[in-house]
Amino acid sequence: MGTLTPMGRTILVTGAARHLGARMCRVLSHEMSVDRVIGVDVVPPRSDLGRAEFIRADIRNPVIGKIIGAAAVDTVVHMGVIATPLQAGGRATMKDINVIGTMQLLAACQKSDSVQRLIVKSTASVYGCGPRDPVMFTEETAPQHPPTSGWAKDSVEVEGYVRGFARRRSDVAVTILRFANIIGPDVDTAMTSYFSLPVIPTVFGHDARLQFVHEDDHLEATRLVSLSEEPVSGVFNVSGAGVIMLSQAVRRIGRPALPVIGGLLGTAGRSMGSTGLADFSAEQVRYLTFGRAIDTSRIEDELGFWPRWTTAEAFADFIRGHHVQPLVPTASLLSAQQRILSVLTTVGGLVPTRAGGSHGG
Amino acid sequence: MGDAQVFAFDADARRRGEEPGGVQSVSGVDAATPEPDAGDEVGALDRAADFIRRRLTGEYEVDEFGFDPQLLDTVLMAAMRPLYRSWFRVQVQGLDNVPDEGGALVVANHSGTIPVDAVMTQLALLDDHPAQRHLRMLGADLVFRLPVVSEIARKAGHTLACMPDAERLLSAGEVVGVWPEGFKGIGKPFTERYKLQRFGRGGFVAAAVRTGAPIIPTAIVGAEEIYPKIGNANALARLLGIPYFPLTPTFPWLGPLGLVPLPSRWIISFGEPIPTDHLPAGAADDPMLILEMTDRVRETIQQSLYRVLVQRPSVFR
């Protein structure tokens, strides 16, 4: 521990092969205060990692401990939790990578005497969702409907192990960041593939409140807690301000929505899920039914972090970046509005009498 | 039908005055330059077209509760307005007891088999209160489980009856509505009309005390008679997962016709506010004080129910 100088940060990033992990490596490697960034993943990275080194390693086996020891890593950024089975090649592998991977990583951190900070990327889906939820979850709110499957459940377990680690190594600053759905021009998630469908299935009779955090804000929040002067401990919600309704999001994209009876969406969706088009896990369907929002006042008050993008702005940036084309462009809707109005006024008589009649009634 | 729709988009004008002449003169004053009548009509049509385009492209705002004021004012409330004005002919008393701004907790009796009384109270504050206040109600979790109902409730600005949400709304300066009797009140048999049921654990009082918001005890007369519940098909209710399945003189015997409420005469009376901001810090955690206050609110509502009932000439007139 004493070998560290203020100029000598060495940071390990897990999940470095995927888009957000690779971007995180790039961002951190360009920081003045960081000497070395080591990206780790089971598959080679698809994009450039900047000045970061890449080590192809599986966090599910103890080799990760050797890497941490050899490089005297002082900060571990754990972004290796996988959200959909498609990314891992099956639910069993996914669970293995998420839970066993985290356990191995934590075991390695516990043995290490160089690690001083652990930052874990988690998700707001650990709060679950359902009809008995409060409108906003704070970090302290107990889940009313704890998640029972998939990524959300994995994340609950991961957080459990991380809390256990924090208890055993109270000298390490442990930060858990619970992100709303990450969205942006380049990132691919279950939500972005859902909104890229030509016809968007929704749950009949329900309209979920959705929250998004822009991928840039996700990186900035993670960078902030990794490099802050004073180490940061605790759990923080991170989301863009405001909410957007599912129906509103679909309309902003300009694609038709297809309301499906709740139970059927899961069944129909899973058969579609196997085609790789979109993810309709039970948890995702619940989210599309009830929605969820998180309160971000803690990270604002304690760390002074305000996301640059609101939920609506982040979503607009996703539409732009993914080139999602509306069926009827807004411009033609506007011109249609003008044309109908001008026809009505030129026809004359029609407009005043109709509207006048309504004023009388 | 089409005419009514065109009208509905001009909700503000509708709320400002009832007479047709009044509407036009008010909008004439609003515009800096007086416009000929025809131009004004085109303006109204233009606003309507603009409204439709905005709805289609999702260019409107909702708050964190999913409250969609544009939809509420122009569509949802417009649909309920005829019921309020012509069917129940709602008379409102004590509107000045509801503050023009800042948080307040409206606590009222619940009745009528389905919560029409809540919607009418919302309309009373939106249409007849000088500050046109939106009433944000706290509902049972069933409301947010049922399809369609949950969607409309969220968009109308309502949320689950739980402590964090109540406090969030009150500290944001909203008028919050609670019906503490819950299903016990709304689903009680006709023979027990105007008898207040038990008031739960007083969670609503604690929320008001914690945020220093005044409590406004409110009596609603008239809702008891809209669907006189004379029986309950328990087995059917259990099958559907709802608290009761009402049998009224007309429902379900007359089919959809049985859904038409009886045209009782309504009076909504907002009572004198009970202040909570003078209480010492930590008062919300004093169960004795909270229970006493809950009893006081309940007693006040029961008394004003009796008082208002006497004022009403007859059930339907």
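Note on naming: letters A, B, ... go to the chains in the order of the sequence lines (proteins, then strands), and numbering restarts at 1 for each one. Only this structure's heavy atoms are used, side chains among them; waters, hydrogens and symmetry mates stay out.
Looking at B:Leu146, the atoms closer than 4.5 Å to chain A (heavy atoms on both sides) all sit in the backbone: N, CA, C or O. Heavy atoms closer than 4.5 Å to chain A are found in both the backbone and the side chain of B:Asp50. Of the atoms belonging to A:Thr138, it is side-chain heavy atoms, and not backbone ones, that fall under 4.5 Å from chain B.
Contacts with chain A (heavy atom to heavy atom, under 4.5 Å) involve these residues of residues 135-145 of chain B, listed by number: B:Asp141, B:Phe144, B:Arg145. Residues of residues 163-180 of chain B that come within less than 4.5 angstrom of chain A, heavy atom to heavy atom, are B:Pro164, B:Asp165, B:Arg168 in numerical order. Contact residues of residues 309-317 of chain A toward chain B are absent (heavy-atom distance under 4.5 Å).
Here salt bridge (Lys or Arg N to Asp or Glu O under 4.0 Å) pairs that include residues 147-158 of chain B, with residues two or more places apart or in two chains, are A:Asp207-B:Lys155, B:Glu151-B:Lys155.
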Practice problem: Using the side chain to side chain contact (heavy atoms under 4.5 Å, CB included) rule, take B:Val62 and A:Gln248 through it: C-alpha gap first, then chi angles, then the decisive distance, then the call. | Solution: CA-CA 9 Å; B:Val62 299; A:Gln248 201 179 5; 3.9 Å; yes
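Across all non-hydrogen atoms, the minimal contact from A:Arg132 to B:Leu160 is O-CD2, 3.2 Å. The minimum heavy-atom distance between B:Tyr60 and A:Ser247, with the atom names listed, is OH-OG, 4.2 Å.
Counting heavy atoms of neighbouring residues, nucleotides and ligands inside a 6.0 Å radius, atom CZ of B:Phe183 exceeds 12 of them.
At least one side-chain heavy atom of A:Phe204 sits under 4.5 Å from a side-chain heavy atom of B:Val148.
No other option in A:Met245, A:His206, A:Arg209 has as many heavy-atom pairs under 4.5 Å with chain B as A:His206.
Under a 3.5 Å cut-off, the side chain of A:Arg252 and the backbone N or O of B:Thr57 do not form any donor-acceptor pair.
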